[in-house]
Protein chains: 2
Amino acid sequence: MGAFTIGEVARRAAISIDTVRYYERRHLLPAPARRASGYRQYGDEDVQRLRFIRRAKALGFALEDIRSLLDLSIDHERGVHGLRARTEAKLADIDARIAQLQKMRRGLRQLVADCPGSGALDHCPILAALGGKEPA
Amino acid sequence: MGAFTIGEVARRAAISIDTVRYYERRHLLPAPARRASGYRQYGDEDVQRLRFIRRAKALGFALEDIRSLLDLSIDHERGVHGLRARTEAKLADIDARIAQLQKMRRGLRQLVADCPGSGALDHCPILAALGGKEPA
DNA sequence: CTTGACTCTGGACCACGCTCCAGGGTTTAG
DNA sequence: CTAAACCCTGGAGCGTGGTCCAGAGTCAAG
């Protein structure tokens, strides 16, 4: 369906025009067809791809990671060479991220639970935990 | 009771000398006393402060956040409220990230399940999981 | 006194992920 | 036809969080 201008595709993907061109330069988005005038022409698949990028970015993936995720799906279309290994590597990466965040979360959760919400800062467990002693 | 040089304080806090000076420029660390020669002189409280910064950073706080946390510690009456609120906000942010990562993880799991290393699929589950439709 | 390790300043530079700008050309509504 | 709104390119600039460098001075050991 779509034969969108860059402005339309940007609006549909809820990102800026500059960002669309930036992603093209960074090869996260394939170079689109051009009109005779030089205007870029996009389709629905580009909107999908840009939304994918936006969501993955919101999950904390670097653009480079996202590019490899996208490459992964291209491999998928082409017939799956080494796809499983790469997918599992990505999965391990995600698990590590989750574990890291959960560790962080437990630390902060405990601090909030212990925090009286009032009183002298000298007794604040958050500061105590952050400023605590270390071995060596 | 130290009277540490920048090298010593950096080593004790497990960060680089350049980073110590960088934190000073960014006002995360007060400008230290100087020897007649101009050498910076640090004390134990600086080591503590640098360790605080390192820990807070590991918990996901931006340097700017950390600077306000440190500033808050000056305001003993109000400090705890602000600190607790900031910590809780950070916690909510972390929870959201975990939830989204788990969603993505499920998508990738599905991809692995659907694609055991050979054969072809006509649809990418990652795109399905993350590139899904949006309102408008 | 010499040597080597350390420190000083200021500024350049890096990666990341945009964001904006100038100075053009194009498209479209009235 | 005109004017507004859009698009093009290339490159500069920005915020974050550092890292590295030159060219100079300082300190401690032998």
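Throughout, protein chains are lettered first and strands after them, A, B, ... in sequence-line order, and every chain is numbered starting at 1. Atoms considered below: every heavy atom in the structure, side chains included; atoms not considered: hydrogens, waters and symmetry mates.
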Exercise. Below 4.0 angstrom from OP1 or OP2 of C:dC8, is there any side-chain N or O of B:Ser37?
Worked result: no
Exercise. Do the charged groups of A:Asp46 and A:Arg49 touch, with an N to O distance under 4.0 Å?
Worked result: no
For this session: Could you check how far CD of B:Glu24 sits from P of D:dG17, rounded to whole Å?
Result: 18 Å
Exercise. How would you label the contact of B:Arg40 with the nucleic acid (heavy atoms, under 4.0 Å): base, sugar-phosphate, or nothing?
Worked result: sugar-phosphate
Exercise. Whole-Å distance between D:dC27 P and B:Gln41 CD?
Worked result: 10 Å
Exercise. D:dT19 phosphate, OP1 or OP2: any side-chain N/O from B:Thr19 under 4.0 angstrom?
Worked result: yes
Problem set entry | C:dC6 OP1/OP2 closer than 4.0 Å to side-chain N/O of B:Thr5 | no
Seminar exercise, completed: Here the pair of heavy atoms bringing B:Tyr42 nearest to B:Val20 is OH-CG1, 3.5 Å
Problem set entry | Length of the OH-C1' vector between A:Tyr22 and C:dC20, whole Å | 15 Å
Exercise. Could you give the CD-to-P distance, from B:Glu64 to D:dG18, as a whole number of Å?
Worked result: 13 Å
Exercise. Under a 4.0 Å N-O cut-off, is there an ion pair linking B:Arg67 with B:Glu64?
Worked result: yes
Exercise. Mapping B:Asp18 and B:Gly7 to their closest nucleotides on DNA chain C, which lands nearer the 5' end?
Worked result: B:Gly7
Exercise. Looking only at N and O atoms, is any donor in the side chain of A:Tyr39 or the base of D:dC8 less than 3.5 Å from an acceptor on the other one?
Worked result: no
Exercise. Within less than 4.0 Å of OP1 or OP2 of C:dT9, is there a side-chain N or O belonging to B:Arg34?
Worked result: yes
For this session: Check the distance between D:dG17's P and B:Lys57's NZ and give it to me in whole angstrom.
Result: 8 Å
For this session: Let me know the distance between CD1 of B:Ile15 and P of D:dG18, rounded to the nearest Å.
Result: 8 Å
For this session: Would you mind reading off the distance between B:Ile53 atom CD1 and D:dG17 atom P, rounded to a whole angstrom?
Result: 12 Å
Seminar exercise, completed: Rounded to whole Å, CZ of A:Arg54 lies from C1' of C:dC18 at a distance of 16 Å
Exercise. Side chains of A:Ile66 and A:Phe52: does their closest heavy-atom pair fall under 4.5 Å?
Worked result: yes
For this session: Tell me which of A:Arg25 and A:Arg35 sits closer to the 5' end of DNA chain C, going by the nucleotide each one is nearest to.
Result: A:Arg25
For this session: Evaluate the side-chain contact (heavy atoms from CB on, under 4.5 Å) criterion for residues A:Ile6 and A:Tyr39: first the C-alpha distance (whole Å), next the side-chain angles of each, then the deciding distance (0.1 Å), finally the verdict.
Result: CA-CA 8 Å; A:Ile6 195 170; A:Tyr39 279 28; over 6 Å; no
